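Here is the structure we will look at, set down as structure tokens.
What you see is a predicted model, and the numbers here were worked out from it, not measured in a lab.
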Amino acid sequence: MSLCFSLNVSTLNSPKYHSHKAHFSSQFINQIQVNSLSHSLPSFTLNSSLPFKFSVKRINPIRASTATSVEATQFSFRNKNPKDINIAVVGSTGYIGKFVVKELINRGFNVIAVAREKSGIKGKNSKEETLNQLQGANVCFSDVTKLETLEKSLNGFGVSVDVVVSCLASRTGGVKDSWKIDYEATKNSLVAGKKNGAKHFVLLSAICVQKPLLEFQRAKLKFEAELMREAEMDSGFTYSIVRPTAFFKSLGGQVELVKDGKPYVMFGDGNLCACKPISEEDLASFIADCVLSEDKINQILPIGGPGKALTPLEQGEILFRLLGKKPNFLKVPIGIMDFAIGALDFLVKIFPSMEDAAEFGKIGRYYAAESMLVLDPDTGEYSAERTPSYGEDTLEEFFEKVLREGMAGQELGEQAIF
């Protein structure tokens, strides 16, 4: 069944269908930690129960569009007040998604947050916890992997959708999960959104799709291409594709280890790659800008945080300086990973069930050596200068916060490749 809850004057009834949604924040850590973690694809149980009604008061009721013709609805949502714009957010409980929901609510939009019944890392959050996390939004428990279910969920509100914002991403980067979420579920969100009136689609993608060597990158690119083709075929429909660089939390996995006296681990000399990391709040703000900003219509938008690009060596130096400790680096030859990947690829031929383990190794290798910056098409090199900056939050400020408060709320969960 699907359950639609409104957290902000009217009673919403829940139509029947199965619910489940998978989500993963779209970036992996680009440096290894001292202790390795085991990995497996998460499993979820689909729960069903008798339909029931649930209602609470809302502060900002969702409003249906008043346009009566195709011509009248084209781009009309950009001329409305935010309070009259209905935005469906899929991936709303994920690492970036929950910040996007909060930012959109703060800007006065009416948000329909689509979430699975058991959200969070390995589905540890209950419905009540999810409702509390998404306060101010109209929460709909649904299953983005099932198109018919998702369509019924959005229809259940009895109003049109103006914009869809997708923060969906594979939980692990595994082969099957990547295609199930980064392509199929995201496409379901597009189809269901358009069927319910959506005229704009904001996609949270990743800057690393510029050089697609991994399955989740190929899956994302396939959907990007179909999204752009949809806009070409429908002049009344637009998109914004957001490709962020590294997230802060993907660079914070070693902070507490170094604080405890362990060395900072990096590949090679620590200068194999660089990134312009961006905070969750700044990225959410940029994504929210894409809802109404006409200069972001039908654009692929790479985006990084403020300041210069930082290599792993420079990130480690910042951390040791904040701790007042003498730098202590553990330099790991990149060839070790190449050997491990080769071994895993060989074993996959004998044991196909090891397919994801081999993919995880490739993901680790990718982020150890490839920069999260714009790839200059003229030179074939990564360019910090061509990578736009946005926001005010810095990695150093993030490190300071983690040193004070720990990584609570920043857990890597199933993203922890190493």
Here's a test for you: under salt bridge (Lys or Arg N to Asp or Glu O under 4.0 Å), which of K80, K194, K83 qualifies with D162?
K80

For the pair K102 and E281, find out whether any cationic side-chain nitrogen is under 4.0 Å from an anionic carboxylate oxygen.
no

Quick one: does any side-chain atom of Q315 pair with a main-chain N or O of L310 as donor and acceptor, under 3.5 Å?
yes

Restricting to non-hydrogen atoms, name the atom on G174 and the atom on D356 that form the minimum distance, rounded to 0.1 Å.
CA-OD1, 3.4 Å

Mutual orientation of the aromatic rings belonging to F248 and F398 [parallel < 30°, tilted 30-60°, perpendicular > 60°]:
tilted

Ignoring hydrogens and geometry, is there a side-chain-to-backbone donor-acceptor pair from T238 to N298 under 3.5 Å?
no

Within 6.0 angstrom of K349 NZ, more than 12 heavy atoms from elsewhere:
no

Side-chain heavy-atom pair I96, F247 within 4.5 angstrom cut-off:
yes

Sub-3.5 Å donor-acceptor pair from the side chain of Q254 to the main-chain atoms of V265, do we have one?
yes

So F237 and L190, do their side chains get closer than 4.5 Å, heavy atoms only?
yes

Can we say K187 and D182 salt-bridge, meaning some charged N sits less than 4.0 Å from an Asp/Glu carboxylate O?
no

If only side-chain N and O atoms count, and only distance matters, is there a donor-acceptor pair under 3.5 Å linking E215 with W179?
yes

Under 3.5 Å: donor-acceptor pair, side chain of D177, backbone of R171
yes

With a 3.5 Å distance limit and no angle check, can you tell me whether K331 reaches the backbone of G270 through a side-chain donor-acceptor pair?
no

Of the non-hydrogen atoms in T394 and P306, which two are nearest, and what is the gap between them?
CG2-CG, 4.4 Å

Cationic N near anionic O, under 4.0 Å, D345 to K362
yes

Using a 3.5 Å distance criterion without hydrogens, assess whether the side chain of T145 forms a donor-acceptor pair with backbone atoms of A185.
no

Any donor-acceptor N/O pair, H200 side chain to C290 backbone, under 3.5 Å:
yes

Do M372 and C208 have side chains that get closer than 4.5 Å, going by heavy atoms?
yes

NZ (K180) and CG (L168) are apart, to the nearest 0.5 Å, by 12.0 Å

Just by distance, do the side chain of Q210 and the backbone of L375 share a donor-acceptor pair under 3.5 Å?
yes

Taking atom CD of E392 as the centre, does the number of heavy atoms from other residues, nucleotides or ligands within less than 6.0 Å exceed 12?
no

Could you walk me through whether I363 and F360 pass the side chain to side chain contact (heavy atoms under 4.5 Å, CB included) check?
CA-CA 5 Å; I363 291 170; F360 296 152; 4.3 Å; yes

Could you pull out the closest heavy-atom pair between C140 and F157, with the gap in Å?
CB-CE1, 3.7 Å

In terms of heavy-atom contacts, does CD of E405 have more than 12 from other residues, nucleotides or ligands at under 6.0 Å?
yes

From L330 atom CG to M266 atom CE, the distance as rounded to the nearest 0.5 Å:
8.5 Å

Surrounding NZ of K296 (heavy atoms of other residues, nucleotides or ligands, distance under 6.0 Å), is the total greater than 12?
yes

Flag the pair E226 and K222 as a salt bridge only when some basic side-chain nitrogen lies within less than 4.0 angstrom of an acidic carboxylate oxygen.
yes

With a 3.5 Å cut-off and no angle check, do the side chains of Y367 and S250 form a donor-acceptor pair?
no

Would you say R78 and S293 are linked by a side-chain donor-acceptor pair, where the criterion is simply a distance under 3.5 Å?
no

Give, for atom CD of E148 and atom CG of N188, the distance between the pair rounded to the nearest 0.5 Å.
11.5 Å

What verdict does the side chain to side chain contact (heavy atoms under 4.5 Å, CB included) test give for M354 and L344, after you've listed the backbone C-alpha separation in whole Å, the side-chain angles of each residue and the deciding distance to 0.1 Å?
CA-CA 8 Å; M354 295 186 67; L344 287 169; 3.8 Å; yes

Does a side chain donor of either S205 or E224 reach within less than 3.5 Å of an acceptor in the other side chain?
yes

Side chain to side chain contact (heavy atoms under 4.5 Å, CB included) assessment of V242 paired with L203:
CA-CA 6 Å; V242 181; L203 173 67; over 6 Å; no

For the backbone of A192 and the side chain of N196, can you confirm whether one donor and one acceptor N or O come within less than 3.5 Å of each other?
yes

Got a second to check how far L403's CG is from K259's NZ, nearest 0.5 Å?
6.0 Å

Minimum heavy-atom distance G305-S389, with the two atoms named:
O-OG, 3.1 Å

Compare all side-chain heavy atoms of D289 with those of S240 and state whether any distance is below 4.5 angstrom.
no

Measure the spacing between CG of L204 and CG of L283 and express it to the nearest 0.5 Å.
6.0 Å

Considering only heavy atoms from C-beta outward, does the side chain of E359 approach that of V175 to under 4.5 Å?
yes

Could you check whether any side-chain N or O of R107 sits under 3.5 Å from a backbone N or O of S285, counting only pairs where one atom can act as donor and the other as acceptor?
yes

Verify the distance criterion only: is there a donor paired with an acceptor across the side chains of S383 and D376 at less than 3.5 Å?
no

Quick one: are I287 and E103 in side-chain contact, heavy atoms under 4.5 Å?
no

Just checking, any donor-acceptor pair under 3.5 angstrom between side chains of Y382 and E370?
yes

Residue that, paired with I207, satisfies side chain to side chain contact (heavy atoms under 4.5 Å, CB included) out of S371, P302, P244:
P302

Residues G304 and T245: closest non-hydrogen pair is CA-OG1, 3.6 Å

Rounding to 0.5 Å, atoms SG (C273) and OH (Y366) come to a distance of 11.0 Å

Please evaluate residues R243 and L301 with respect to the criterion side chain to side chain contact (heavy atoms under 4.5 Å, CB included), reporting the C-alpha separation (whole Å), side-chain torsions for both, the decisive distance (0.1 Å), and the verdict.
CA-CA 6 Å; R243 292 180 176 177; L301 303 160; over 6 Å; no

Does E397 pair with K401 as a salt bridge, N-O distance under 4.0 Å?
no

L154 and A88 have their tightest heavy-atom pair at CD2-CB, 4.3 Å

Thinking salt bridges, do D143 and K146 make one under a 4.0 Å N-O criterion?
yes

Using the six-membered ring wherever Trp is involved, compare the ring planes of F201 and F223 and label them parallel, tilted or perpendicular (cut-offs 30° and 60°).
tilted

Between I87 and F77, is any pair of side-chain heavy atoms under 4.5 Å apart?
no

Mind checking whether V90 and V165 have side chains closer than 4.5 Å, heavy atoms only?
no

